[in-house]
Student: 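Can you read through this structure? Questions will come right after.
By convention in this document, chain letters (A, B, ...) are assigned in the order of the sequence lines, proteins followed by strands, and residues within each chain are numbered from 1.
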2 protein chains.
Amino acid sequence: MSTRIQRRNRGLILEAALDVFSSRGFRGATLDEIARAAGLSKPNLLYYFDSKEAIHRALLDDLLETWLEPLRTIDPQGDPQAEIMAYMRRKLQMARDFPRESRLFANEILQGAPRLGDFIAGELRTLVEDRCQLIARWVAQGRLAPIDPLHLVLSIWSLTQHYADFDAQIRLIRGGTDPMAGADSFLDTLYTRLLSPPAAVGGDPAAPPSSCAKYSGG
Amino acid sequence: MSTRIQRRNRGLILEAALDVFSSRGFRGATLDEIARAAGLSKPNLLYYFDSKEAIHRALLDDLLETWLEPLRTIDPQGDPQAEIMAYMRRKLQMARDFPRESRLFANEILQGAPRLGDFIAGELRTLVEDRCQLIARWVAQGRLAPIDPLHLVLSIWSLTQHYADFDAQIRLIRGGTDPMAGADSFLDTLYTRLLSPPAAVGGDPAAPPSSCAKYSGG
DNA sequence: AACAGACTTGACCAACCAGTCAAGATTGTT
DNA sequence: AACAATCTTGACTGGTTGGTCAAGTCTGTT
């Protein structure tokens, strides 16, 4: 059971901590700065969370489900190209809506994934392998242009999260204009051209490149 | 004038500092750790560099020229598609050869580019604008498929540096196999499909999308 | 050998850090 | 009003950090 005050203050702390951790990394963040941003005293932070580590952990835990969900949503029964385009658009929308979460994640990976190793090597890896098998089947059926499924997935992560993670750089280069302006239509164009199966209708889909072979067993 | 010992020790320090800064970020790195990695005492580090900040600065300064050079190398007289493919391949090779430098840069941008703001808003921005004008001309001439030049450049940065910056994640997902295996041919495929102008030979190149218009004045 | 300049470091300092604690303030309930 | 549970915090601790300094060692030159 948690009180009204607990819910409010835990919320304030996590919100402030997301700001600080995402922009300074774990070691660069200080409890004093989080406390100041949350409008609470430092001992009060530690009344609600056991440690700096625990706050960070709580943020990551919130994040992980949100992170996996769009990948889970890909529907094996749907149209291959439409499914992948929709996945890419969901990820881009997440970069727009949750840029701090993206940077929190990026910070964690950049430092060698010390706290996310288990999640990545476990749940995420399993899910990615499953999705790669699905994509490989679609390619084998000639419903997608021949492509390496894993690199396709990585490219979607890379291209969408880039707008959140490198926001500071893009802002400085574009000087003023919205960093993500034009990103939607660019990525639509990119993945349409990348994925559209060769115009040749019907028959004989080309053999998938060898890099897909390892997934075709599913 | 610098002595033999100076050259050797400055080199040892910068090499060690690159390891530490790239994996921990500026605030997460400590002089003790750099000193230990370099095999020198902490006061000795500060005999060769004025401060922690100065070591970091020296690393970034070394980096910036290397970073710009491939973009400069794009030849306005060359074949458009070949020039951009070659640029992409150079960037991918840099991600392979200098992953720590890429992560050092990524750390800096993630934290809001506090030390690179001037470089990015100045030299880099000017160069990028110039290259975008060039690409926009190529598109207008129908020698490249219609595409937003800035997002094209951003996509190359994103897709190549991703293999260095998110190395830890890719390693954990692939479990053992070389994180960059297959990246070359994937990116070759991607940019070939993205950039190849429509098969229609000769005449009437389609009007470039409006997002290119702002570059067409150069 | 002798000497100056270059190099090295143990011991230290002030500032900052995560986390503790005891004492007090606030809140919800009767 | 009274009381217990919840909430809040100033003052503190032990450990770490970037950086200093005086005293020393090493190196190249004569």
Student: D:dT8, C:dT8, D:dT17: which one has an atom nearest the side-chain heavy atoms of B:Thr30?
Tutor: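 The answer is D:dT17.
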Student: What is the separation between atom CG on B:Asp32 and atom P on C:dG10, rounded to the nearest whole Å?
Tutor: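 Between P of C:dG10 and CG of B:Asp32: 12 Å.
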Student: When you check the phosphate oxygens OP1 and OP2 of C:dA6, does a side-chain N or O of B:Gln6 lie under 4.0 Å from one of them?
Tutor: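 For B:Gln6, the contact criterion (side-chain N or O under 4.0 Å from OP1 or OP2 of C:dA6) is not met.
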Student: Give a yes or no on whether a salt bridge exists between A:Glu53 and A:Arg57, defined as a side-chain N under 4.0 angstrom from a carboxylate O.
Tutor: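 No, no charged N to carboxylate O under 4.0 Å.
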Student: For atom CG of B:Asp118, is the number of surrounding heavy atoms from other residues, nucleotides or ligands below 6.0 Å larger than 12?
Tutor: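 It does not: B:Asp118 CG has 12 such atoms or fewer within range.
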Student: Over 60° means perpendicular and under 30° means parallel, so classify the ring planes of A:Phe21 and A:His56, tilted if in between.
Tutor: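 A:His56 and A:Phe21: perpendicular rings.
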Student: With a 4.5 Å cut-off on side-chain heavy atoms, are B:Thr30 and B:Ile34 touching?
Tutor: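 Side-chain contact under 4.5 Å: no.
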Student: Between B:Asp167 and B:Arg100, does at least one N-O distance fall below 4.0 Å, as a salt bridge requires?
Tutor: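 Salt bridge between B:Asp167 and B:Arg100, a charged N being under 4.0 Å from a carboxylate O: no.
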Student: Is there a side-chain contact between B:Arg4 and the phosphate of D:dG28, meaning an N or O under 4.0 Å from OP1 or OP2?
Tutor: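 So the side-chain polar atoms of B:Arg4 do come within 4.0 Å of the phosphate oxygens OP1 or OP2 of D:dG28, strictly under.
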Student: Does A:Thr3 make a side-chain N or O approach to OP1 or OP2 of D:dC7 shorter than 4.0 Å?
Tutor: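 Yes.
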Student: Could you tell me the separation between the NE2 atom of A:His56 and the P atom of C:dA18, rounded to a whole number of Å?
Tutor: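 For the pair A:His56 NE2 and C:dA18 P, the rounded distance is 13 Å.
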Student: Expressed in angstrom and rounded to an integer, what is the separation of B:Arg8 atom CZ from C:dC7 atom P?
Tutor: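 That distance rounds to 10 Å.
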Student: What about A:Lys42: does its side chain form a donor-acceptor pair under 3.5 Å with the base of C:dG19?
Tutor: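 A donor-acceptor contact between them is present.
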Student: How would you label the contact of B:Ala29 with the nucleic acid (heavy atoms, under 4.0 Å): base, sugar-phosphate, or nothing?
Tutor: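 Here B:Ala29 touches the backbone only, sparing every base.
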Student: Taking atom CZ of B:Phe98 as the centre, does the number of heavy atoms from other residues, nucleotides or ligands within less than 6.0 Å exceed 12?
Tutor: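 Check fails, neighbour count at 12 or below.
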Student: How close or far is atom P of C:dC17 from atom CZ of A:Arg24, stated in whole angstroms?
Tutor: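 After rounding, the gap between these two atoms is 10 Å.
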Student: Tell me whether the side-chain N/O atoms of B:Tyr47 come closer than 4.0 Å to OP1 or OP2 in C:dT9.
Tutor: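 So the side-chain polar atoms of B:Tyr47 never come under 4.0 Å of the phosphate oxygens OP1 or OP2 of C:dT9.
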Student: Please classify the nucleic acid contact of A:Leu46 as base, sugar-phosphate, or nothing, using heavy-atom distances under 4.0 Å.
Tutor: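 Contact class for A:Leu46: base.
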Student: Are OP1 or OP2 of D:dT17 and a side-chain N or O of A:Arg27 less than 4.0 angstrom apart?
Tutor: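 For A:Arg27, the contact criterion (side-chain N or O under 4.0 Å from OP1 or OP2 of D:dT17) is met.
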Student: Give the rounded distance in Å between these two atoms: CZ of B:Arg7 and C1' of C:dA6.
Tutor: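 Distance, rounded to whole Å: 14 Å.
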Student: Just how far, in rounded Å, is P of C:dT8 from CG of B:Leu12?
Tutor: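 About 10 Å, once rounded to whole Å.
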Student: Specify the separation, in whole Å, of atom CG of B:Leu31 and atom P of D:dT20.
Tutor: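 Rounded to the whole Å, the gap is 11 Å.
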Student: Using the side-chain heavy atoms of B:Pro43, tell me which of these nucleotides is nearest: D:dG18, C:dT9, C:dA6.
Tutor: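 Nucleotide nearest to B:Pro43's side chain: C:dT9.
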Student: From CG of A:Leu40 over to C1' of D:dG10, roughly how many Å is that when rounded to an integer?
Tutor: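 My rounded result for the distance is 16 Å.
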Student: For A:Asn44 and for B:Glu53, find the nucleotide of DNA chain D with the closest heavy atom, then tell me which residue's nucleotide is more 5'.
Tutor: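 Result: A:Asn44.
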Student: So what does B:Phe49 touch, heavy atoms closer than 4.0 Å: a base, only the sugar-phosphate, or nothing?
Tutor: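 No contact at all - B:Phe49 keeps every heavy atom at 4.0 Å or more from the nucleic acid.
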Student: Do any side-chain nitrogens or oxygens of B:Asn9 fall under 4.0 Å of OP1 or OP2 in C:dT8?
Tutor: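 So the side chain of B:Asn9 is within the cut-off, an N or O lying under 4.0 Å from OP1 or OP2 of C:dT8.
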